[in-house]
Amino acid sequence: MSKETIKIFDTTLRDGEQSPGASMNTEEKIQIASQLERLGVDIIEAGFAAASLGDFDAISKISQRVTNSTVCSLARAIDSDIKAAGDAIASAKMQRIHTFIATSPIHMEHKLKMSSDEVIARAVRAVEYARSFVDDVEFSCEDAGRSEMSFLKEITDAVIEAGATTINLPDTVGFRLPQEIGAMVKEMSQYTKGRAIISVHNHNDLGLGVANSLESVINGARQIECTINGLGERAGNAALEEIVMALKLRSDIFGDYVTNINTKEIYPSSRLIANITGIEPQPNKAIVGKNAFAHESGIHQDGMLKNKSTYEIIRPEDIGLDIEDTLVLGKHSGRAAFKDKLSKLGFTLDDDELNRAFERFKELADKKKEIYDDDIRALATSQMANVTKIFELVSLQIMDCSNGVPSSAITIRHNDQEITDAGIGDGTMDAIFKTIDRISGYQGRLMEYRVKSVSKGKDALANVTVKVTFNENQPAMIGHGLSLDTMLASARAYIGALNSYLSMEGMLKLRGGDSGDTI
Ligand code: KIV
Ligand code: ZN
């Protein structure tokens with residue numbers, strides 16, 4: 001008997017980006033989308049086109065790049081949102097618009113302040129309008145988990161009639177237990193009788209996102225929405241890696257189904273997203289946590305030495321972990337070895353990027369004894385993320401602040417000119433950021449600052465993430481900086497955020513909008 005395919009709909013770039021602190025810039029989103037394509041996800045939800053110009057731009061660029069996965073944009077059931085979504089995905093080879101409206105009594109009464117008839121009318125209009133852009137339209141009954149079954153059926157009939165091809169039933173607030181979700185999915189699958197694909201989207205507020213998704217498959221769902229590392233709003237979404245590995249490993253239960261996921265790309269995907277967002281999976285996180293394959297107790301280690309199957313249900317190589325954690329390259333490694341390592345880790349850099357990344361690798365290898373895969377990943381990620389170089393840090397000097405006033409002297413390249421200035425602050429970091437403000441003429445307000453060490457050792461690279469507001473009417477900008485020196489990494493991150501802000505301003509001018517506009 002031929003197996004049925006469970007479609008994997010990845011929403012790391014949309015719901016995942018709604019995780020506090022997980023915002024990404026356009027270049028980073030493009031890298032993630034390319035990795036998701038390598039991973040084999042069927043649908044990439046690349047963002048919410050109407051949310052901001054940055055989202056729109058990222059979705060458009062992803063649409064130009066990705067060819068093997070469908071590219072999707074979220075849209076509220078509002079004409080302007082749907083138009084933005086349709087325009088943003090216009091150049092994608094395979095396109096989907098995902099529109100939604102809330103269907104639970106609590107949302108309709110308090111949030112939408114609409115009657116159920118009005119909600120149906122709005123949903124139908126949205127789907128019909130979306131169909132004027134694309135053939136593949138997904139409709140989500142937001143808060144389906146707390147909606148009435150009779151209303152779910154009524155609105156589903158109406159939107160299928162209007163042209164929806166997938167009906168998504170989100171447990172938006174992560175409230176339901178597996179048997180409840182299973183019962184809802186079963187009833188809706190039997191009711192729709194193949195007129196549309198039934199999809200689920202489970203949040204993890206009770207830690208049940210994955211269990212609810214698996215139960216949904218048993219009961220008729222043929223699309224699962226999920227995120228890498230379980231990122232997402234509040235407690236996150238169901239984790240892609242856990243769902244896919246459970247489906248694969250437990251063929252005794254799920255043997256009738258397959259996914260298109262290349263599981264060897266799971267670990268590289270998880271690392272890329274952790275590096276870019278700065279959000280590490282908890283160490284004991286299933287499948288991709290740092291300890292997921294670590295055997296600490298003597299009894300376990302003894303068993304593992306005798307036969308791995310005593311304590312290991314997943315082979316690390318099945319998720320792409322076999323090339324990990326090896327001491328990779330050293331200062332004598334050449335460009336070819338470096339390029340080969342990058343491609344094994346899933347990075348394809350163009351010649352210029354490769355040359356610059358190799359230069360930085362050589363600088364690093366001179367100072368750092370042991371270089372790990374995570375160091376290489378961080379180098380490549382930061383190389384590709386910081387392509388806009390309106391302002392470029394040339395040098396940074398900080399003065400001893402143990403007794404005197406913290407101060408910094410900085411040289412920045414701008415328009416082929418080097419500008420040097422010095423400044424003081426309440427602390428060294430404050431002095432650095434204020435000096436950059438003086439040189440650039442832009443005043444940033446630091447909203448968030450995070451530092452994380454990449455790989456291990458006292459000489460580990462510092463990966464700094466900042467979120468900075470340069471204009472109160474614009475969303476805050478994210479910047480990443482990488483260096484063996486935390487202060488240098490902080491300066492790079494701050495300048496990265498400034499460059500993202502300026503390229504966004506440039507885009508606004510090109511499109512004739514003013515800074516306050518969203519699409
Ligand atoms: O959780 C949710 O309901 C959503 C919808 C927009 C699908 O993210
Ligand atoms: Zn959601």
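Note that ligands are numbered from 1 as they come in the structure, with each ligand's atoms numbered from 1 the same way. Heavy-atom basis, side chains included; hydrogens, waters and symmetry copies ignored. Because the structure is predicted, anything quoted here is derived from the model rather than measured.
Checked for salt-bridge contact, Lys29 and Glu17 meet the test: a charged N lies under 4.0 Å from a carboxylate O. Salt bridge absent: Glu280 and Lys290 never bring a charged side-chain N and a carboxylate O closer than 4.0 Å. The existence of a salt bridge linking Asp55 and Arg14 is excluded, since no basic side-chain nitrogen approaches an acidic carboxylate oxygen closer than 4.0 Å.
If you look at His203 next to ligand 1, the close heavy atoms, those under 4.0 Å, all belong to the side chain. Contacts between Thr172 and ligand 1 below 4.0 angstrom, taking non-hydrogen atoms only, involve backbone and side chain alike.
No other N/O/S atom of Asp15 lies as close to the Zn ion (ligand 2) as OD2 does.
Every atom of ligand 1 with a heavy atom of Glu142 under 4.0 Å away is listed here by number and element: 3 (O). Heavy-atom contacts of Ser140 reach the following atoms of ligand 1: 7 (C) (cutoff under 4.0 Å).
Between the side chains of Asn471 and Tyr442, no donor-acceptor pair is found at a separation under 3.5 Å. Side-chain contact of Asp15 with His201: a donor-acceptor pair under 3.5 Å is present, judged by distance alone. Remark: the Glu225 side chain and the Gln223 side chain contain an N/O donor-acceptor pair separated by less than 3.5 Å.
Residue contacts with ligand 1: Asp15 is placed with a nitrogen or oxygen under 3.5 Å of a nitrogen or oxygen of the ligand (distance criterion only). Ligand 1 has a nitrogen or oxygen under 3.5 angstrom from a nitrogen or oxygen of His201.
His201 contributes NE2 and His203 contributes NE2; the angle these two atoms make at the Zn ion (ligand 2) is 100°, rounded to 10°.
At least one heavy atom of Arg14 lies less than 4.0 angstrom from ligand 1. Look at Gln18 and you'll find every heavy atom at least 4.0 Å from all atoms of ligand 1.
Using bins of under 30°, 30° to 60° and over 60° for the plane-to-plane angle, the ring pair Phe133/Tyr129 lands in the perpendicular bin.
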